[in-house]
K.L.:
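I am attaching a structure below and will ask some questions about it afterwards.
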Amino acid sequence: MRIDYLRVSVTDRCNLRCIYCNPLGDCGLIQRDEILTFEEIHRIVGLFAECGISKARLTGGEPLVRKNIVALVEKLAAIAGIRKLALTTNGVLLEPVAAELKAAGLSRVNVSVDSAERGNYQRITGFDFLEKVIRGIYKAIEVGLTPVRINTVVLRGINEQDVAALAQLSVEMPIAVRFIEYCPTNNSTKPGTFFVPNSQVRRSIESRFGPLAATVVPNANGPAVYFRIKGAAGAIGFISGRTTVFCHLCNRLRLTSDGKVRPCLYSAHHYDVKELVRGGADDEAVRDLLEKIISEKSNYTKLNSPAVEFSMRNVGG
Ligand code: SAM
């Protein structure tokens, strides 16, 4: 597998308190001076591009809470070798900045929405922001940050009843609505009993809309498997990280907001790139480490990684 995709967590701060991701809010945040600066992120992504990374995605925490994020997008989009630069966001701050992000060189956005019902959205995220998010999605489509994808984590007894309404969005809009299996990450988030397998999510969609037909969506190179509701403008995707193994297809590395590169979401193994960069290493030395990370990536997989606690907020999902 060619390793050509880097997810970059630009902050561990978030403006939502999702019960499965960030229930304790600002508790345990990384010290600000430990977070990579824009210059450091630009340098590391540039050197990664020289090692074959051609797609990057900004994530977090919530990437849009990072001050001057548009300036970072502009710097990263200008790196020779980065052909696609995307962003994963909760969408709360998207509407006012979507056009600027597009102009700065962002290709597209994924927006996390766990319920299309205002009250339940607030129960899950802690805030009454659903309308803002929906406006952000429309704006992203309008300015061409497309194809837009929606990410939904389904939790037992929390938003199972919202699946049909979210799937309905794919009927009306040219977007892919993707259901992500919940991955319990640490003691503060919901326990494993809240997990709902995607086979069940699919059954509930099919019982409402009829059989799903397999489909292909543009720029889909990740673990999602796509289907279409008959006559729909968009698609339904399933990302089944708990019930399937897609390590053999995994082309991604993750740069955490405090400068560690993780070769596998499920493994605690990491390489401290920030230590090298802040220690004054020249480009050749940093590039040597990045090449080593790429060459060793396949040693770390879901199957050979003992379960460890981690924070999705820092690693970036
Ligand atoms: N704030 C942004 C957002 O809401 O999309 C980006 C960061 S968030 C950590 C990235 C993705 O990880 C989101 O789609 C979120 O739903 C997903 N995520 C967070 N915690 C998760 C968990 N425990 N299991 C599965 N997905 C999770």
Side-chain angles (χ1 to χ4, degrees), residues 7-26 29-30 56-66 69 86-94 97 101 106 108-116 121 124-127 129-130 132-134 136-137 140 145 148-156 158-159 162-163 166 175-198 201 222-224 237-244 246 252 254-257 262 265-266 302 307-317:
R7 294 176 69 96
V8 181
S9 175
V10 297
T11 178
D12 64 336
R13 273 72 176 162
C14 189
N15 49 353
L16 293 184
R17 300 286 174 262
C18 298
I19 51 177
Y20 62 89
C21 183
N22 186 31
L24 302 181
D26 290 347
L29 288 177
I30 294 169
R57 170 175 297 278
L58 304 184
T59 175
E62 170 48 42
L64 298 186
V65 304
R66 179 98 191 232
I69 187 73
L87 179 130
T88 295
T89 172
N90 58 35
V92 173
L93 300 173
L94 182 57
V97 82
L101 288 170
L106 192 73
R108 40 178 303 274
V109 289
N110 287 356
V111 186
S112 300
V113 189
D114 297 312
S115 174
Y121 180 90
I124 295 167
T125 65
F127 294 91
F129 285 158
L130 180 62
K132 276 182 181 230
V133 176
I134 299 291
I137 292 170
L145 288 171
V148 171
R149 292 185 186 139
I150 304 291
N151 288 334
T152 300
V153 176
V154 182
L155 296 172
R156 183 158 316 281
I158 305 278
N159 60 347
D162 295 314
V163 164
L166 289 160
I175 57 178
V177 178
R178 310 183 322 161
F179 295 94
I180 302 175
E181 284 181 342
Y182 171 54
C183 165
T185 53
N186 61 59
N187 263 336
S188 67
T189 57
K190 290 283 176 199
T193 46
F194 283 79
F195 161 71
V196 178
N198 265 340
V201 176
F238 295 108
I239 301 177
S240 309
R242 284 300 289 296
T243 54
T244 61
F246 34 70
R252 60 189 62 187
R254 292 175 166 84
L255 175 63
T256 65
S257 52
R262 293 178 62 133
L265 180 62
Y266 298 95
K302 178 179 163 184
V308 281
E309 293 213 339
F310 67 99
S311 155
M312 219 41 117
R313 194 179 68 183
N314 182 28
V315 177

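Residues take their numbers from the sequence shown, with the count starting at 1. Indexing begins at 1, ligand by ligand and atom by atom, following the structure's order. Heavy-atom basis, side chains included; hydrogens, waters and symmetry copies ignored.
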K.L.:
Closer than 4.0 Å to some heavy atom of Glu181 - which atoms of ligand 1 meet that?
P.N.:
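Once the distances to Glu181 are compared, the set is 25 (C).
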K.L.:
List the closest protein heavy-atom neighbour of atom 8 (S) of ligand 1: residue, atom name, distance to the nearest 0.1 Å.
P.N.:
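For this ligand atom, the closest protein heavy atom is Gly60 O, 4.4 Å.
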K.L.:
Decide whether an N or O pair under 3.5 Å exists between Ser112 and ligand 1.
P.N.:
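By distance alone, the answer is yes.
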K.L.:
Using side-chain hydrogen bond (donor to acceptor under 3.5 Å, both in side chains) as the criterion, list what pairs up with Arg252, not counting sequence neighbours.
P.N.:
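side-chain hydrogen bond (donor to acceptor under 3.5 Å, both in side chains) list for Arg252, sorted by chain: empty.
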K.L.:
Show the numbers, then the answer: is there a side chain to side chain contact (heavy atoms under 4.5 Å, CB included) between Val133 and Tyr121?
P.N.:
CA-CA 11 Å; Val133 176; Tyr121 180 90; 3.4 Å; yes
K.L.:
Does any N or O of ligand 1 fall below 3.5 Å from an N or O anywhere on Tyr182, backbone included?
P.N.:
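There is no such contact.
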K.L.:
Can you tell me the protein heavy atom closest to atom 11 (C) of ligand 1 and the distance?
P.N.:
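In this structure, atom 11 (C) of ligand 1 has Gly317 CA, 4.3 Å as its nearest protein heavy atom.
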K.L.:
Which residue is it: Asn151, Val163, Ile150? I am looking for the one with a side-chain contact (heavy atoms from CB on, under 4.5 Å) to Phe179.
P.N.:
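Only match with Phe179 under side-chain contact (heavy atoms from CB on, under 4.5 Å): Val163.
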K.L.:
Applying side-chain hydrogen bond (donor to acceptor under 3.5 Å, both in side chains), name anything that partners Arg17, two or more places apart in sequence or on another chain.
P.N.:
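Testing Arg17 for side-chain hydrogen bond (donor to acceptor under 3.5 Å, both in side chains), a comparison that skips the adjacent residues, returns Asp26.
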K.L.:
Please work out, at 4.0 Å between heavy atoms, whether the side chain, the backbone, both, or neither of Thr88 comes within that distance of ligand 1.
P.N.:
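For Thr88, backbone and side-chain atoms both sit under 4.0 Å from ligand 1.
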K.L.:
For ligand 1, which is the ligand I care about here, please tell me if Glu62 has any N or O atom under 3.5 Å from one of the ligand's N or O atoms.
P.N.:
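Between Glu62 and ligand 1, an N or O pair is found under 3.5 Å apart.
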K.L.:
Distance alone, cut at 3.5 Å: any donor-acceptor contact between the side chains of Arg262 and Thr256?
P.N.:
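Their side chains do not contain a donor-acceptor pair, so the 3.5 Å distance test is not met.
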K.L.:
Tell me the contacting part of Asn110 for ligand 1: side chain, backbone, both, or neither, using a 4.0 Å heavy-atom threshold, strictly below.
P.N.:
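Neither; no heavy atom under 4.0 Å.
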K.L.:
Among protein heavy atoms, which lies nearest atom 10 (C) of ligand 1, and at what distance?
P.N.:
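Sorting protein heavy atoms by distance from atom 10 (C) of ligand 1 puts Gly316 O, 3.8 Å first.
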K.L.:
Under a 4.0 angstrom heavy-atom cut-off, which atoms of ligand 1 come close to Asn151?
P.N.:
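Per the distance check, 14 (O).
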K.L.:
Any N or O on Cys183 sitting closer than 3.5 Å to an N or O of ligand 1?
P.N.:
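N/O-N/O distance below 3.5 Å exists for this pair.
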K.L.:
State the atoms of ligand 1, each with its element, that fall below the 4.0 Å cut-off from a heavy-atom position in Gly61.
P.N.:
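Within the 4.0 Å cut-off of Gly61, ligand 1 contributes 1 (N), 2 (C), 6 (C), 7 (C).
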K.L.:
We want to know whether Asn110 and Arg108 form a side-chain donor-acceptor pair, criterion being a heavy-atom distance below 3.5 angstrom.
P.N.:
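On atom types as modelled, these side chains qualify, holding a pair under 3.5 Å.
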K.L.:
Find all atoms of ligand 1 within a distance of less than 4.0 Å from any non-hydrogen atom belonging to Thr59, and give their numbers and elements.
P.N.:
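In order of numbering, the contacting atoms are 6 (C), 7 (C).
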K.L.:
Out of curiosity, is Cys18 lining ligand 1, as in a heavy atom under 4.0 Å away?
P.N.:
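No.
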K.L.:
Pick one: which of Leu64, Leu87, Thr88 meets side-chain contact (heavy atoms from CB on, under 4.5 Å) with Val109?
P.N.:
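Of Leu64, Leu87, Thr88, side-chain contact (heavy atoms from CB on, under 4.5 Å) with Val109 is met by Leu87 alone.
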K.L.:
For Ser112 and Asn90, does a side-chain donor sit closer than 3.5 Å to a side-chain acceptor?
P.N.:
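Short answer, no.
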K.L.:
Return the residue, atom name and 0.1 Å-rounded distance of the protein heavy atom closest to atom 15 (C) of ligand 1.
P.N.:
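Answer for atom 15 (C) of ligand 1: Tyr20 OH, 3.9 Å.
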K.L.:
Does the side chain of Pro184 reach to within under 4.5 Å of the side chain of Arg242, using non-hydrogen atoms?
P.N.:
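Yes, close enough: below the 4.5 Å cut-off.
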K.L.:
Give the residue and atom name of whichever protein heavy atom lies nearest to atom 19 (C) of ligand 1, and the separation in Å to one decimal.
P.N.:
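Closest protein heavy atom to atom 19 (C) of ligand 1: Met312 CG, 3.3 Å.
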K.L.:
What protein heavy atom sits nearest atom 26 (N) of ligand 1, and how far off is it?
P.N.:
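Checking every protein heavy atom, the shortest distance to atom 26 (N) of ligand 1 gives Val153 CG2, 3.6 Å.
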K.L.:
Quick one, Val113 and Ile137 - any side-chain contact, counting heavy atoms below 4.5 Å?
P.N.:
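The answer is yes, as the side chains (C-beta and beyond) meet within the 4.5 Å cut-off.
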K.L.:
Could you tell me if Thr89 and Glu62 have a donor-acceptor pair between their side chains, going purely by distance under 3.5 Å?
P.N.:
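Their side chains do contain a donor-acceptor pair, which is all the 3.5 Å distance test asks for.
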